[in-house]
Amino acid sequence: MIDEETRRKLRELSMGEMVEALDLQDSDRTTTAMPFDERMRMMVDYAWEAKRASSVRRLVQRARLRFPDAEMGEMIYDGRC
């Protein structure tokens, strides 16, 4: 278990996603039996994906797209050069 001081330090280091991953693992009893390496890999994957999703959201907002929620797979390209 990670104490509150360590969690605070992780947040100060802009690693709030790691704290979220820790909380998720602590609430799930199946992960407590996993080895440390496996749990750490899961935390890093979670934090990486959260930061990437946040970055994509920020870039979409900055782009000021006409239809920011448009799905690329639903676009119709017929008649375009």
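Just so you know, these numbers use all the heavy atoms, side chains as well, and skip hydrogens, waters and symmetry mates. Heads up: numbering here begins at 1 and tracks the sequence.
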J.: Could you give all pairs that pass the salt bridge (charged side-chain N to carboxylate O under 4.0 Å, His left out) test and reach residues 51-63, with sequence neighbours left out?
T.: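 Matches after skipping sequence neighbours: E17-K51.
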J.: Check for me, please, whether F36 and V19 land in the same ILVMFWY cluster - side-chain distances under 4.5 Å, paths through other members count.
T.: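 Same cluster.
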J.: Drop me the distance from R11's CZ to E20's CD, to the nearest 0.5 angstrom.
T.: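 It is 8.5 Å, given to the nearest 0.5 Å.
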J.: Residues in salt bridge (charged side-chain N to carboxylate O under 4.0 Å, His left out) with E38, at least two apart?
T.: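 Salt bridge (charged side-chain N to carboxylate O under 4.0 Å, His left out) check on E38 returns R41.
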J.: Taking the side chain as everything from C-beta on, heavy atoms only, tell me whether D23 gets closer than 4.5 Å to R7.
T.: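 Yes - at least one pair of side-chain heavy atoms lies under 4.5 Å apart.
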J.: From the options T31, D37, D28, select the one residue that forms a side chain to side chain contact (heavy atoms under 4.5 Å, CB included) with M42.
T.: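 The side chain to side chain contact (heavy atoms under 4.5 Å, CB included) with M42 is passed solely by T31 among T31, D37, D28.
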J.: Kindly compute the distance separating OG1 (T6) from CE (M18), expressed to the nearest 0.5 Å.
T.: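 Taking OG1 in T6 and CE in M18, the distance rounds to 12.0 Å.
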J.: Under 6.0 Å from the CE atom of M34, do we count more than 12 heavy atoms belonging to anything else shown?
T.: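 Buried by this count: over 12 neighbours within 6.0 Å.
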J.: Is the shortest heavy-atom distance from the side chain of L22 to the side chain of L10 under 4.5 Å?
T.: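 L22 reaches L10 side chain to side chain.
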J.: Between D3 and R8 (salt bridge meaning N to carboxylate O under 4.0 Å), is one present in this structure?
T.: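 No salt bridge links D3 with R8.
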